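Written below as structure tokens is the structure these notes are about.
Atoms within each ligand, like the ligands themselves, are counted from 1 in listed order. Small disclaimer: the values here were computed from a predicted structure and weren't measured.
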Amino acid sequence: MSVVILDFGSQYTHLIARRLRELRVYTVVLPGGAAPAEIERHQPEALILSGGPSSVFDPGAVRPHPEVLERGLPVLGICYGMQFLAQHFGGRVERSGRAEYGKALLTSYQGPLFAGLEGEVQVWMSHADAVTALPPGWQVVAQTAENPVAAIQDASGRLFGVQFHPEVAHTPKGMEILENFLAAAGVERSWTPGHALDAALDEVRAKAAGERVLLAVSGGVDSSTLALLLARAGVEHSAVFVDHGLLRLGEREEVERALSAAGVNLITVDARSRFLKALAGVSDPEQKRKIIGREFIAVFKEEARRLGPFRFLAQGTLYPDVIESAGGAGAANIKSHHNVGGLPAELGFELLEPFRFLFKDEVRELGLLLGLPDTIRLRHPFPGPGLAIRIIGPVDEEKLEILRRADDIFISALKDHGLYDEVWQALAVLTPVRSVGVTGDERRYGYVLALRAVTSSDGMTADWARLPHEFLDEVARKIPQRIPQIGRVVYDLTSKPPGTIEWE
Ligand code: XMP
């Protein structure tokens with residue numbers, strides 16, 4: 001059972017899915033023009049028609065397949081979705097002549113969609129067309145000062161339209177409105193992480209039982225959880241972990257311990273010297289990334305050949321990756337964000353992506369159910385090129401050792417002070433700048449180390465974290481004391497934008 005969202009290209013479609021999952025409803029996003037059979041496969045209890053950039057007047061606008069609305073499913077149309085419903089059932093939509101963007105207040109509201117709401121209801125508008133005549137039997141159930149038709153409902157109480165966006169934070173009571181729609185539609189709200197685990201296990205077993213599966217483990221939460229899932233499903237798998245020498249202190253051992261203990265067939269490839277050699281003397285960050293990506297694929301391919309043949313390559317692709325790349329109008333060109341992205345075609349693998357309908361926090365829940373230790377499950381994001389992009393200038397073993405130890409002091413202190421989970425990402429950057437200092441009577445030149453910690457919700461924008469001065473003081477004293485090659489410690493006060501999170 002599910003709710004199917006038909007996507008007409010709104011930038012907020014993934015948010016609708018996110019909100020419904022928060023309301024414990026299994027939700028699938030399909031292209032706006034999806035075939036009825038494709039929709040049926042997900043056994044929907046209700047449909048949501050998303051907003052989108054098109055106008056119902058555009059001849060090229062994507063529309064739902066005509067049979068889809070004949071099944072009598074409850075429907076909520078949002079923005080373009082509402083205009084489509086109005087037009088489809090015989091109402092009139094017109095260019096309002098005046099686009100309405102931003103916050104608005106509902107001047108009146110009534111009916112099941114607004115049940116339980118009281119007082120001021122603020123909503124977020126973003127549209128140019130407006131419904132000017134209702135289909136027969138429909139009624140207006142909300143208005144704003146600018147817009148006499150802000151929400152509509154049909155006579156059966158199963159079809160609804162809202163001109164505003166209930167899914168965004170600027171509609172503070174949007175969750176209640178979505179909840180009311182689910183109640184009116186009689187949708188069962190029973191989706192739990194346990195269901196997600198069962199569904200993922202079923203999928204893996206159904207597809208890959210009796211087959212061999214290859215997987216690249218990075219030590220991050222997605223690939224580690226995927227490895228545990230394959231082990232739990234009992235399918236024959238090889239989980240390849242490439243140690244490129246750019247990992248943090250103790251990271252390799254931690255991953256090995258956690259995954260092996262859970263029955264994962266983990267194969268660690270020690271490629272440290274190969275990566276160091278390839279990176280020798282390279283300063284340009286993009287060049288570093290290219291080299292690391294190239295070497296990774298080469299090492300992974302060698303292992304695939306050595307351990308193979310495999311029918312499947314398992315990847316921890318997440319839902320936002322799939323939605324972001326759906327191209328709005330429904331082209332299902334799934335872009336891979338993974339290092340091994342080019343490999344399936346080249347090596348003839350079929351893809352196994354059991355997390356492609358899950359969000360990051362849902363994968364964390366799955367990790368919890370599968371026994372992934374919190375040290376890995378709740379870890380900050382860590383870039384694929386690892387510490388190589390946190391050493392400004394050329395990378396060598398001595399600098400890696402300095403940075404690993406400094407990073408460990410910073411991260412351990414954050415954990416000891418209960419601050420680790422308060423920040424989205426924290427890191428140390430080893431700069432090539434040497435500054436003067438005094439130790440005893442001696443003048444000494446040491447590296448400048450930059451500490452960076454940011455708060456963020458998705459890494460797209462970020463603010464520097466207001467860590468307590470006493471805490472920063474403690475870390476800034478500890479680092480040069482324990483690592484004599486570091487002479488000075490600074491804290492980065494740049495937000496994103498204009499800065500990025502990493503320095504390279
Ligand atoms: P920036 O530095 O662009 O980083 O603000 C945003 C997020 O992306 C991570 N990042 C990377 N991850 N390969 C990755 O896998 C990369 O080359 C890379 N560069 C940045 C960064 O750590 C942050 O979480």
* Would you say the side-chain atoms of T375 and E254 include a donor-acceptor pair closer than 3.5 Å? -> yes

* Between R356 and T317, do the side chains contain an N or O donor and an N or O acceptor separated by less than 3.5 Å? -> no

* Nearest to atom 20 (C) of ligand 1 by heavy atom, E504, E502, H380: which? -> E502

* Can you find a non-hydrogen atom of W424 under 4.0 Å from ligand 1? -> yes

* **Polar contact flag, side-chain donor to acceptor under 3.5 angstrom, Q425-H380** => no

* I501 N/O to ligand 1 N/O under 3.5 Å -> yes

* Provide the number and element of each atom of ligand 1 under 4.0 Å from a heavy atom of K496. => 1 (P), 3 (O), 5 (O), 6 (C)

* Do S223 and S218 have side-chain atoms, one donor and one acceptor, less than 3.5 Å apart? -> yes

* Compare Q425, R390, R289 and give the one whose heavy atom is closest to atom 24 (O) of ligand 1. => Q425

* Structure fact -> If you compare G386, G384, P497, P285 by their heavy atoms, the one closest to atom 15 (O) of ligand 1 turns out to be G384

* Quiz item: cation-pi between R248 and F382, 6.0 Å / 45° -> yes

